[in-house]
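To keep things clear, I will list the structure first and then write my remarks on it.
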Amino acid sequence: MTARVEERLERAFDKRTATALGKLGLRTVGDLLGHYPRRYADPGALEDIAALQVGEHVTILAKVEQATVRPMRNRNGALMEVVVTDGTSRLSLTFFGKHRGSLYSHEKRLVPGAKGLFTGTVGLYRGTRQLTHPDFTLMGEESDLDSDEALLEHATKPIPIYPAAAGIPSWKIQGALRVVLDTLTDADVPDPVPDEVRERHGLPGRAAALRSLHRPATMEEAYRARHRMRFEEAFVLQAALAQRRARTAAEDATARPPLPAGTPGLLADFDASLPFTLTDGQRSVGQEIAAELADPRPMHRLLQGEVGSGKTVVALRAMLQVVDAGGQAALLAPTEVLAAQHARTLRTLLGPLAEGGTLFGAERTGASTRVALLTGSLGAKARKEALLQAASGEAGIVVGTHALLSEHVQFADLGLVVVDEQHRFGVEQRDALRAKGRVSPHLLVMTATPIPRTVAMTVFGDLETSSLTEVPAGRAGITTVAVPARNVRWTDRTWARVREEVDAGRRAYVVCARIHPDEDQAGAAGVSGRAAAKDFDDVPEFLDPADPGTDGAADRPPLRAVLEVVEELRSRPELAGVEIGVLHGQMPPDQKDAAMAAFASGEAPVLVSTTVVEVGVDVPEATAMVIFDADRFGISQLHQLRGRVGRGTDPGLCLLVSDAELGTPAFARLEAMTQTTDGFKLANLDLELRSEGDVLGAAQSGRASSLRLLRVVKDAGLIEEARTAATDVVRASPDLTEFPELAAAIRAQLDEDQEEFLERT
Ligand code: ADP
Ligand code: MG
C-alpha cells in the first residue's frame with residue numbers, strides 16, 4: 001500500500017508546476033501538504049509595508065494607489081511604475097517592457113484601487129524600497145478561480161501566505177494545494193497520533209487538520225489545526241525518545257560499583273588528596289552517579305551546572321570509580337585547548353595516581369593509572385602511543401576531542417563516557433562513542449548552559465537530569481561593566497585596570513571576535529566559519545545579522561581582531577614590560593598548549609584570544625576579561641566567557657567593550673550581563689530575546705529538523721502532554737506493532753535526522 005502522500009508531484013501535476021515546487025524542496029504530495037503557511041493575511045486589512053526588510057522575499061497584501069507608464073530615457077523600452085500602499089506606507093513596483101504595448105495588460109489590471117497579493121524580493125533603488133517585476137494576483141479576477149464560491153472564499157477567508165521562491169509565488173502553492181485538498185480523504189494521510197490519544201486530547205484527525213491549515217474558514221480554525229500539528233510533532237518526537245529510553249533500560253551494562261569503604265583505591269586516594277571540600281551539590285550528585293554506575297543498566301545522565309560549579313571534579317570522581325572497578329573512562333571535550341587542559345588538570349589532580357603502570361596486570365596494585373590525550377592534530381608518534389594506551393587499557397582515562405570518535409580508537413574495556421560542555425555534541429556523536437564499549441558504557445553528559453526543562457525534554461529527552469546550582473564558597477564574585485568603545489578615557493582606564501591586575505600577580509584575557517584584521521567579516525560570522533573551524537575552536541556564536549543591534553551598519557567600525565589587538569597592546573604605555581600572549585584556533589596544537597601554559601604560569605599574564613577560551617578553560621589566577629565587540633555575542637556565550645574569570649578567591653572584572661545603542665537588543669543583552677551572574681536567570685532572558693531556532697541550534701540538536709511548528713519554549717505544556725501520551729503508547733506496545741503509522745513516522749524522522757547529520761559533518 002502506498003499512501004497518496006507518497007505520490008510524486010510529477011504524477012500529480014504538470015511538469016512545470018512540479019519543477020517549480022521542486023525548487024522549494026518539495027518532491028511528494030506529502031511534502032506539499034507539509035509545506036505550511038508561514039502566516040495568514042487578513043483579506044479585510046492591508047499589511048504593514050514599513051516593516052519590510054531590504055533583501056527579504058515577501059508576499060504582501062496591498063492596494064494600488066497609482067500607476068504610470070513612460071518611455072525609458074536612455075534606451076528603448078518602456079517603464080511602468082506602480083505605487084502600492086497599506087494605507088500609510090508605500091512601496092513601488094517597477095516593470096520594464098520592450099515597448100509600451102508589452103506593458104498593456106499590466107496597465108489594464110494594475111489600476112488605482114485594485115487590491116492583491118504582490119511577491120518579490122525587496123530591493124533598494126535611490127533610497128526607495130521597491131519590487132522589480134513582482135509576481136502578483138489581484139482579488140476578484142483569478143482566472144483559475146471562476147466559481148462564485150471560490151471568489152467568495154478569497155474575499156473573506158484568511159489568505160495563507162507560504163514560504164515562496166522566485167517563480168513559484170505563494171498563490172501558486174495555494175493553487176497546487178487546492179487541487180490536492182479537494183480530493184484528499186482520511187485514508188490518504190496516515191495519522192501517527194492514535195485515535196484514542198486524539199480523542200482524549202480533543203484533536204482533529206490529520207486530514208481534517210491539513211485541510212484547516214491550508215484553507216481555514218476562520219483564523220480560529222487555522223489555530224486549532226496548528227495546535228494539532230504541533231501536538232503531532234511533539235508526540236512523534238517523544239515517542240521516539242520513549243523508545244530510546246526503553247531500549248536503553250533494556251540494555252546491559254557492566255556494573256562498576258565503588259570499592260568497599262576502607263579499601264584503598266584511586267577514588268579514595270583522590271578524595272583524601274583534594275585541597276578543598278566538596279560542595280553539597282557535588283556530594284549529592286556524586287552519590288547519584290555512583291549508584292547508577294553500580295547498576296548493570298547503562299547510566300544516561302545530563303549534569304547541568306553553573307559555570308564554575310565544579311563539574312570536572314564530579315566527572316573525575318565518576319571516572320575513578322570506574323577505573324577502580326577495572327574499566328576505562330573517556331572524556332570528550334569540544335576543543336583541543338579544553339581537551340589538553342583537562343588532561344593537564346587530571347594529571348595534576350591525580351598526581352602520583354596517574355603515573356601508573358598497567359591496569360590489567362594479573363596483580364593490579366590498584367592505586368594508579370594513566371591519562372592519555374588524543375586529539376586530531378597529534379603527531380604520528382604521540383598518536384600511536386595514545387592509541388596503544390587506550391587499546392591496552394594502560395590508560396584508565398582517555399581525554400580527547402572528536403578524534404575519539406574515529407574508528408581507529410579502540411578501548412580495552414570502556415566503562416564510562418563523559419561528554420564535557422555538551423552543547424556542541426549531538427545525539428549521533430554520543431552514540432558513536434557509546435558504540436565503542438563491548439557492552440553499552442555508562443554516559444555522563446555535562447553542560448554549563450542552563451537548559452529550560454522542555455528544551456531538555458526535547459533535545460535530551462533520553463537523558464535523566466541532575467543540576468549543580470551552587471558555586472563553591474569563597475568566590476569573590478565578578479563585576480561586569482559595559483565600556484563604550486569609542487571613548488578614549490574609558491579605553492585608557494581599561495588598560496590601566498588590566499595593568500593593576502597584572503601587577504597584583506593576576507591574569508587578564510582579551511577576547512576578540514576574529515583572528516585576522518583583514519579577514520572577511522561576513523565570513524568570520526558566517527555558517528561556513530562554523531563548518532570550517534577545526535574542533536569548533538574559534539566560533540563566535542554570532543547573532544542574527546538582521547538584529548538591529550548587531551547589523552553590519554555601514555558606519556560600524558570593523559570587528560577587532562586578535563592579531564591587530566595584540567600589536568596594539570604591545571605598544572600601549574600602560575602595558576609596557578608585560579608579556580602578551582596570543583591564542584587562536586589556527587595555531588598548531590603545540591603552540592596553543594604553550595600559549596595556555598605561559599598564561600597559566602603567569603609568564604605571559606595577558607592573553608589575547610578568540611572565543612577558543614569560551615568553554616571550560618580554567619586558570620584560577622585569571623581575574624580580568626576584556627571582550628571587544630561584546631554586542632556581537634549572545635548572552636550564553638558572554639556568560640561562558642565571563643565564567644573564565646573570578647574562579648579563584650580574587651574578585652573578577654569583566655569589561656564588555658561595545659558601541660551598542662540604547663534601545664537595541666544588543667544593549668539589552670549587555671545590560672542583563674552587567675546586572676546578574678546567575679546563569680539560569682540569564683538563560684531565561686536569553687530565551688526572551690532570541691528566536692526558537694537559536695535555542696535549538698545552541699543545543700546542537702540533531703532533532704530540530706523535524707520540528708516545524710512546535711516551539712520548545714512556548715509549547716511547554718503541550719510537550720508535557722505529548723510526552724505522557726507517548727510514554728503510555730510505547731509502554732503498551734514497545735515496538736509499536738499496534739501503531740504502525742506512528743512507527744512509520746518515527747522511521748521517516750530518523751531518516752531525515754540522519755541526512756541532516758550527514759550534511760553537517
Ligand atoms: P565548571 O563546572 O565550570 O566546569 P570546574 O570544574 O572547571 O567548573 O571548576 C572550577 C574551579 O573550581 C576549578 O579550579 C576547581 O578546581 C574548583 N573547585 C571545584 N570544586 C570545588 C570545591 N568544592 N571547592 C573549591 N573549589 C572547587
Ligand atoms: Mg568545565
Side-chain angles (χ1 to χ4, degrees), residues 267 270-287 289 301-320 329 331-335 337-351 354 371 397 399 418-425 444-451 465-478 506-507 509 596 599-602 611 613-623 625 636-652 654 677-680 682-683:
L267 181 55
F270 174 74
D271 281 347
S273 71
L274 260 186
F276 44 73
T277 44
L278 297 175
T279 63
D280 291 346
Q282 284 171 322
R283 199 177 302 280
S284 62
V285 170
Q287 278 161 4
I289 293 172
R301 187 159 286 279
L302 174 71
L303 172 57
Q304 289 194 56
E306 180 58 279
V307 179
S309 58
K311 294 183 289 291
T312 312
V313 171
V314 172
L316 181 54
R317 294 185 69 248
M319 292 193 274
L320 293 177
L331 173 57
L332 192 56
T335 66
V337 169
L338 194 53
Q341 173 191 291
H342 273 318
R344 220 173 15 246
T345 312
L346 298 189
R347 287 178 187 139
T348 314
L349 282 171
L350 291 171
V371 176
I397 297 176
V399 183
V418 179
V419 181
D420 191 18
E421 308 298 354
Q422 123 73 38
H423 56 290
R424 304 215 164 156
F425 286 104
L444 177 64
V445 172
M446 305 197 285
T447 173
T449 309
I451 303 166
T465 311
S466 319
S467 298
L468 280 182
T469 48
E470 70 192 309
V471 168
R475 299 258 168 94
I478 305 174
R506 304 178 195 133
R507 327 253 189 281
Y509 295 99
M596 263 329 280
F599 180 66
S601 70
T611 50
V613 297
E614 174 197 354
V615 281
V617 169
D618 184 34
V619 176
E621 295 82 4
T623 48
M625 174 172 280
S636 63
Q637 192 168 26
L638 289 173
H639 182 59
Q640 285 292 325
L641 282 167
R642 178 171 65 180
R644 300 311 110 214
V645 297
R647 295 170 80 83
T649 44
D650 296 313
C654 178
T677 52
D678 181 325
F680 283 86
L682 285 171

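The figures here come from the full heavy-atom set of this structure, side chains too, leaving out hydrogens, waters and symmetry mates. Numbering of ligands and ligand atoms starts at 1, following listing order.
Against a heavy-atom cut-off of under 4.0 Å, Thr279 is close to the following atoms of ligand 1: 23 (N). For ligand 1, the atoms closer than 4.0 angstrom to any heavy atom of Thr277 are 22 (C), 23 (N), 24 (N). Below 4.0 Å from some heavy atom of Leu278 lie the following atoms of ligand 1, by number and element: 23 (N). Close approach of ligand 1 to Thr312 (heavy-atom distance below 4.0 Å) involves ligand atoms 4 (O), 5 (P), 6 (O), 7 (O).
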- Message: Please determine whether side-chain contact (heavy atoms from CB on, under 4.5 Å) holds for the pair Leu638 and Leu682, giving the CA-CA distance in whole Å, both sets of side-chain angles, and the decisive distance to 0.1 Å.
- Response: CA-CA 10 Å; Leu638 289 173; Leu682 285 171; over 6 Å; no

- Derivation of the side chain to side chain donor-acceptor pair (under 3.5 Å) call for Arg642 and Thr677: CA-CA 9 Å; Arg642 178 171 65 180; Thr677 52; 5.4 Å; no

- Are Met319 and Leu346 close enough, and set up right, to give a side-chain contact (heavy atoms from CB on, under 4.5 Å), and what steps lead you there? CA-CA 11 Å; Met319 292 193 274; Leu346 298 189; 4.1 Å; yes

- Task: In sequence, state the C-alpha distance, the side-chain angles, and the governing distance for Arg644 and Val619, and then conclude on side-chain contact (heavy atoms from CB on, under 4.5 Å).
- Result: CA-CA 7 Å; Arg644 300 311 110 214; Val619 176; over 6 Å; no

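Not a single donor-acceptor pair under 3.5 Å links the side chain of Glu306 to the backbone N or O of Val471.
In the candidate list Gly308, Pro275, Gly643, Gly310, Gly308 is nearest to atom 3 (O) of ligand 1, counting heavy atoms.
Among residues two or more places apart in sequence or in another chain, the side chain to side chain donor-acceptor pair (under 3.5 Å) test is passed with Arg347 by none. Evaluation of the side chain to side chain donor-acceptor pair (under 3.5 Å) rule for Arg506 yields Glu501, Asp650 as partners, not counting sequence neighbours.
Judged by the shortest distance from any of its heavy atoms, Gly305 lies outside the 4.0 Å radius around the atoms of ligand 1. Note on ligand 1: Val314 sits outside its first shell, no heavy atom being nearer than 4.0 Å.
Here Pro472 has side-chain heavy atoms under 4.0 Å from ligand 1, and that is the only part of it that gets that close. Of all the heavy atoms of Met446, none lies under 4.0 Å from any atom of ligand 1, so neither backbone nor side chain is involved.
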